[in-house]
There are 2 protein chains.
Amino acid sequence: MVTIKEIADRAGVSRGTVDRVLNNRGKVNPEKEERVRRIAQELGYKPNVAGKGLAARKKHLKLGFICVDDEFAPFFTDVLKGAEKQAEELRQYGVEVLFFITRIEELMDEECLERIVSENAMDGWVINGVLSEHFTRAMKSCGREPVPVIFYNMDEPGADRMAYVGCDYEKSGRLAAGVAALMTDGKARVGVVSVDDGTISSFKARMEGFHMEISERYPEMSVVSQQVMTREKDQFDFFVAVQGMVECHPEINILYLVNPGDYSICQAIRKASTGRDIKIISNDLVEKQRQMVKDGVIAATICQEPEKQGALPLELLFNYLALGMEPMKEYYFTELSIRISQNV
Amino acid sequence: MVTIKEIADRAGVSRGTVDRVLNNRGKVNPEKEERVRRIAQELGYKPNVAGKGLAARKKHLKLGFICVDDEFAPFFTDVLKGAEKQAEELRQYGVEVLFFITRIEELMDEECLERIVSENAMDGWVINGVLSEHFTRAMKSCGREPVPVIFYNMDEPGADRMAYVGCDYEKSGRLAAGVAALMTDGKARVGVVSVDDGTISSFKARMEGFHMEISERYPEMSVVSQQVMTREKDQFDFFVAVQGMVECHPEINILYLVNPGDYSICQAIRKASTGRDIKIISNDLVEKQRQMVKDGVIAATICQEPEKQGALPLELLFNYLALGMEPMKEYYFTELSIRISQNV
DNA sequence: TTGTATGCGTTATCAC
DNA sequence: GTGATAACGCATACAA
């Protein structure tokens, strides 16, 4: 294995010089620089992770992880599980991860984010991309020098973030269409049910994918009706509306629960559709869904690796800040997996 | 973070003594041992992975990976891809991984394995569990002291192996039944197609799972006919037999390709079933299958993480031999994922 | 601009 | 039995 020491010996310089060249710190004699680079190239130098990891402890890195914790968003419980596991891993390298967990309304409040950011000097941040604007403003207003930020779960392509780790929502919608087609011989009559509070553009992207896949591949499929709950609507009214939709459309054979918020709506649907053959397709696999999938109440659900959404951003920040490795790509899309009764 | 040095200081002994106690090497004064253990316990000592990793280079570990490479088993190409990636990773820690790749007939020959084992002294082995008996015998006959062995892809529960990394084949069969049920409203009439050369007990386990799931959950489903190619049969005859099966059974609406060997059989099936509505379910996702799944020729395929089957065994051996961490479990079952056109 | 010394946590080798 | 010490590869503070 080729080490810095070996490169130094061959180039006739000291280890310090090699370090300066390879990590772009300080000035170096151009001639020596050239020589060092050439030798490193020829020998195929790869920095040793264990060595870097050991030395990284002196940096005392601090990373911040901002996340909602909301009974209406249990999905993020799994994200946090992954993040905490990774944080535990990183403690070995002297990295401290601070979690800032609050309800969504608070995070959407300008002051809250500003307080978090101004009171905590971090070497890097991991945030849900929906906070992009607020976060950027908060960072600016408290006058901190910029540090790397990674988005999870939701992206904001224009923003100044190092990478995105999360779902490809359009593809998720396309996959749902494919599952619906499988279950109905390509003759799905679909009812769509979702919450859409405006901040969640995932709904829009998923529906686009769903519709595109239908029009490109399944001429006999169609979306018959939609029930979308907005912020103003009452939970009970919403349930009634969904029941009404099912009853008014006897041709519906697939219900696509994009983001229903409360899964007890499945029971309401069952009541409204006794004697009918309606299959439910949902997204994710939170606690409440698991038993429903097992029992066949939900025929299939499409998952997006929540733990990875929590873990990978921290790993990427560590690799960058401690090991000097830039992320290999900008988009880390999580795998879309189909779960049914037999593989939940 | 608590280090060996800190424990040594508090216990009033040297780092060497702490090392001897915590890693059970050499004799130590029982009184000091007791003290060291207590302090390590109290402080919640967790060995530092980076430190261990760095020191591990002095061990010069050698691991052996035995695998078939066969045009009829392209699945193992992906296993090897995962293994080689992991091997590259481990080189950083001074670990050398030797690959022994041959055709299945050679490996089943006693002499071949004996030669491999007798000529190569390894600190650990990774082998496909189907080689279990042969391997054990080969190890015995050349009189080597036993080293840890990990099985991948196929297990042999009685054998003296440290862990198994691979598919739960019964569950795989159950999942296939669930997918068939989804696609036919629980009314599947199934034709089964497979190769079974006797060494591959995965076929048996999958069929057991398939039948059990049917009898437990889908009263309206049944297996109508099977075509299994044995070693003696001719490839061409086999194709004809499968075509015959499809034509003789107009009620067949699902074909379960458990392990067809050659996927061009899908084309033969298509020819024999023009105008019919037959859906093909297969296992794995080798090169040839990918396009077929994309095009809908194969409606769904069930995957079992081949790369992980190659990578994880090496990682487990390294963790054990270099970091002193025992595997957390005996069975590492790979995830069973359903792939359709939209998520291949 | 360059080299040297030291430390990160663990392990192996000596000398006692 | 035990303790001191030198690696392992890298980063950095300091000296030249």
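Computed from a predicted structure; not experimentally measured. Atom set for the values below is all heavy atoms of this structure, side chains included, hydrogens, waters and symmetry mates excluded. Here is the naming used below: chain letters follow the sequence lines, and residue numbers restart at 1 for every chain.
- For the pair B:Arg161 and B:Tyr331, the distance from NZ or CZ to the six-membered ring centre is under 6.0 Å and the angle to the ring normal is within 45 degrees.
- Contact annotation for A:Arg20: base contact, defined as any heavy-atom pair under 4.0 Å involving a base atom.
- Here B:Lys32 reaches the OP1 or OP2 of D:dT2: one of its side-chain N or O atoms lies under 4.0 Å away.
- OP1 or OP2 of D:dT2 has not a single side-chain nitrogen or oxygen of B:Thr17 nearer than 4.0 Å.
- The shortest distance between the side-chain N/O atoms of B:Lys59 and the OP1/OP2 oxygens of C:dA12 is below 4.0 Å.
- Counting only distance, with no hydrogens or angles, the side chain of A:Glu307 and the backbone of A:Ala83 share no donor-acceptor pair below 3.5 Å.
- A distance-only check finds no donor-acceptor pair linking the side chain of B:Arg20 to the backbone of B:Val28 [under 3.5 Å].
- Applying the 4.0 Å criterion to OP1 and OP2 of D:dA11, one finds that A:Asn23 has a side-chain N or O inside that range.
- Ring pair B:Phe100/B:Trp125: centre-to-centre distance below 6.0 Å.
- For B:Arg15, the listed nucleotide lying nearest its side chain is C:dT11; candidates were C:dT11, D:dT12, D:dC10.
- Considering only side-chain N and O atoms, B:Lys52 lies nowhere under 4.0 angstrom from the phosphate OP1 or OP2 of C:dG9.
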*asked:* For Watson-Crick and G-U wobble pairs within 3.5 Å on both distances, what is DNA chain D written in dot-bracket notation, | included for inter-strand pairing?
replied: ||||||||||||||||
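- When distances run from any side-chain atom of A:Asn29 to the nucleotides C:dT10, C:dT6, C:dT1, the shortest one goes to C:dT1.
- Applying the 4.0 Å criterion to OP1 and OP2 of C:dT10, one finds that B:Tyr45 has a side-chain N or O inside that range.
- The base of C:dG7 lies close enough to the side chain of A:Lys58 for a donor and an acceptor atom to sit less than 3.5 Å apart.
- Comparing B:Gln92 and B:Ser14 by the nucleotide of DNA chain D whose heavy atom lies nearest to each, the residue mapping closer to the 5' end is B:Ser14.
- For the OP1/OP2 pair of C:dG9 and a distance below 4.0 Å, the side-chain nitrogens and oxygens of B:Thr3 include no atom meeting the criterion.
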